Structures are given as structure tokens and as C-alpha cells.
J.: 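Quick one: the structure is below, questions incoming.
Order of the sequence lines sets the chain letters (A, B, ...), proteins ahead of strands, with each chain counted from 1. Since the structure is predicted, the reported quantities are computational estimates derived from the model, not experimental observations.
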2 protein chains.
Amino acid sequence: MKTPTSLAKIDGIDKKILRFLMQDARKPVLEIARSIGISGAAIHQRLRKLEASGLLSGSKFIVNPKSLGYTTMAYIGIYLDKAMSNPIAVKQLEKIPEVLECHYTTGNWSILIKVLCRDNEHLMQVLNKEIQAIEGISRTETFISLAQQIDRQITI
Amino acid sequence: MKTPTSLAKIDGIDKKILRFLMQDARKPVLEIARSIGISGAAIHQRLRKLEASGLLSGSKFIVNPKSLGYTTMAYIGIYLDKAMSNPIAVKQLEKIPEVLECHYTTGNWSILIKVLCRDNEHLMQVLNKEIQAIEGISRTETFISLAQQIDRQITI
DNA sequence: CATGAAATCACACAATG
DNA sequence: CATTGTGTGATTTCATG
């Protein structure tokens, strides 16, 4: 087995286009066209191809959580009971809006989640009233992010 | 002291606009306007205000790393030597393109990073040749993400 | 694959209620 | 704070090198 998912083959022009749009999804295609010296229609064709290949999975507006009063980010390692099936716990975690990521991981924990809360008190409530209340979750270890110094996507 | 950063006050219409654009940054403003029943110009005014308030920190095209052959994601907890100043290590980590996030955390480690690699072998090389080579980094603990079941932004 | 032309649509800035 | 109107520019598609 050597083909996990068909790899997209992209050339230098695709990379340039992507680098622009990964920085600013609303950058007009025609501006990019002028920057890299090909026509707007050519960029359209390439973007359609990249979408069809699955390489582009959409675009997002990024909201700054601090502006909404969310200042406390934390990672939480979760130990599940042996008998517990992981998907059931995940389904419960999905219902907690403060949970932004959830990974099934190797190592000490069964799963590792990232949560975003307003403050420490809010984090404590999410931990005690929401997460610990989920059946099958036995113990947790919390790591509060005091500062995030790097946040980026894959380098193209 | 009660004002960490001025909180943006947003109403229901702002929320609707944001929910659309957080899903798809390129959704035409006029489409949103029709969906929620106000004029396009009104949405523009609101977006300008939200940008000015700092709530919107841009937009991004999302690329699917698997399409580029990057299938191994991992979190790495890093112990720094006591004498080590955190910013210097971070500066070195920034130079490693596989490092996507870097958090200064409470708990066992000094910092927690997220890396994205092509495969386990690539991860091993990044660990041994790049990360362990940084002065001040004494020990690391790696947690490979076998599957990511939740990935989203803050709920508005 | 890239181009250019043409039709449609969106944007942005007013001035105004 | 929302609306309408308007000039300008962007998007999208198509037929064609």
C-alpha cells in the first residue's frame, strides 16, 4: 500500500496563488493575476482544479477570540476508562462549544483536546461541569497556554 | 483593573454575518445580505466596524495537508533548561516550517508545539535533527495525533 | 493550459432618510 | 444605523490559440 490519498501535484504558479490566498482569502483574483503575471481566467481554472483535487478545503474568516472576551486557551489530556469507546466520548465533547480541537493520540492519554474559555473560572467550570461529567472520562491533565507565539498553516 | 482589551459588542446581525463568513470567507456580501434581509451596504458598514474593532483578524484559504502528503500531526511537550530564556528557543522553532503552533504553557513542560510532517520518519528527523538540536531544549515528549475528530473556531 | 472578450454581478462610496 | 444609487472593478464562462 503506497497511496494514502492521491497526492496533488502543484507547480510554482499554484504555489504562488495559494500563498496569496492563504494569507488573505478575499484577495481579488485579478490582483493576484497582475502580481504573478498571468490572466485572471487562468487563475480561476487553477483554483477550480485545486478545489476539485481536494487540496483546497474552503476558506475562513478568522475572528479574534480576545475581542469576544475569550482569553484563556488550554490543552487538556484526557484518560478514558479502558472499557470506554472513544467515539462516544468525542460525541459528548462535540457538544461543548469551548472544545475547539480533539485528537485521538498516542501516549499517556486517550485524547487531547484544546479548549477556549473566557477566563480561568470559566475553564474550571467547563472542566468540572462539562468534561468531567462525561461518562468514561476518568482523569484529566490541563495545560494552560500563557501565550501563543506561533500560529500558522503548512508552508507551501 | 477591569478592562483587558475592549470587548467588541456585537448584535445578532453581526453574529449572522460572522457565521457565514467564518464558514466561507469568499461568500459574496450581497448573498449574505439577501439571506439575512438587509442591504449589502449595511453589511459593509458592519464589517468595517468589526475589522476596526480588531474582532476580524483576516481570512485564510484552508489547504488540506493530506493532499500534499502531510499525514502525521503531533504535539510535542518541550522541557527547557532552567537557564534558557524562552524567546530564544521560540525564535529557533519559528525557523522550522513543520512547527505550526507554539504555546508557552503551565504544567510539566515549558512549551508545547504542534508539528505537521509527511510521515513518522519525517517526524523523527524533525525531532532529532531540528528540535533536539536547539540549545536549551533538554527533553521532549511526543504525542502523535492518530485522528482529529474536532476542528473548529469559537462559536459565535 | 493560457488568453481575451463579454455579460453578470459585487464592491465601495456617497448622500440621504 | 440602514437604504438607495452609481461608477468602477471583479468574477465567470466561453470560444479560441
J.: By the 4.0 Å heavy-atom rule, please label A:Lys27 as base, sugar-phosphate, or nothing.
T.: nothing
J.: Rounded to whole angstrom, note down the C1' distance from D:dT16 over to C:dC1.
T.: 12 Å
J.: With sequence neighbours excluded, what pairs up with A:Glu31 under the salt bridge (charged side-chain N to carboxylate O under 4.0 Å, His left out) test?
T.: A:Lys27
J.: How about A:Asn86 and B:Gln149: does a side-chain donor come under 3.5 Å of a side-chain acceptor?
T.: yes
J.: In dot-bracket form, 5' to 3', how is DNA chain C paired? Count Watson-Crick and G-U wobble pairs only if both distances fall under 3.5 Å, and write | where the partner sits on another strand.
T.: .||||||||||||||||
J.: Mind checking side chain to side chain contact (heavy atoms under 4.5 Å, CB included) for A:Ser110 and listing every partner two or more places apart, or none if nothing turns up?
T.: A:Leu80
J.: Looking at A:Arg152 and B:Val99, would you say the former's side chain and the latter's main chain have a donor-acceptor pair under 3.5 Å?
T.: yes
J.: If you link ILVMFWY side chains whenever their heavy atoms are less than 4.5 Å apart, which other residues fall into the same cluster as A:Tyr75? By chain and number, please.
T.: A:Tyr79, A:Trp109, A:Leu112, A:Phe143, B:Tyr75, B:Tyr79, B:Trp109, B:Leu112, B:Phe143
J.: Other members of the hydrophobic cluster containing B:Met124, with the 4.5 Å side-chain heavy-atom rule, please.
T.: none
J.: Of all residues at least two apart in sequence or in a different chain, which pass the side chain to side chain contact (heavy atoms under 4.5 Å, CB included) check with A:Lys60?
T.: A:Ile62, B:Ile62, B:Gln153
J.: Within residues 28-40 of chain B, which residues have any heavy atom lying less than 4.0 Å from an atom of DNA chain D?
T.: B:Ile38, B:Ser39
J.: Walk along nucleotides 12-17 of chain C from 5' to 3' and tag each nucleotide B, S or - by protein heavy-atom contact under 4.0 Å, base first, then sugar-phosphate.
T.: SB----
J.: Could you list where the contact with chain A starts and ends along DNA chain D, reading 5' to 3', using a 4.0 Å heavy-atom cut-off?
T.: D:dA10 to D:dT13
J.: Which pairs count as ring pair (Phe, Tyr, Trp, His ring centres under 6.0 Å) when at least one residue sits in residues 19-59 of chain B, sequence neighbours excluded?
T.: none
J.: Can you tell me the distance, in whole Å, between the CG atom of B:Leu21 and the P atom of C:dA10?
T.: 14 Å
J.: B:Lys15: which residues meet the side chain to side chain contact (heavy atoms under 4.5 Å, CB included) condition with it, sequence neighbours left out?
T.: B:Ile10, B:Arg19, B:Ile156
J.: I want to check one thing: is the phosphate of C:dA2, taken as OP1 and OP2, less than 4.0 Å away from some side-chain N or O of A:Arg46?
T.: yes
J.: Holding to side chain to side chain contact (heavy atoms under 4.5 Å, CB included), I want the full list of residues that pass it with B:Ile13, two or more places apart in sequence or in another chain.
T.: B:Asp11, B:Ile17, B:Ile36, B:Ile38, B:Arg46
J.: Checking B:Ser67 side chain against A:Ala8 main chain: does a donor-acceptor pair fall under 3.5 Å?
T.: no
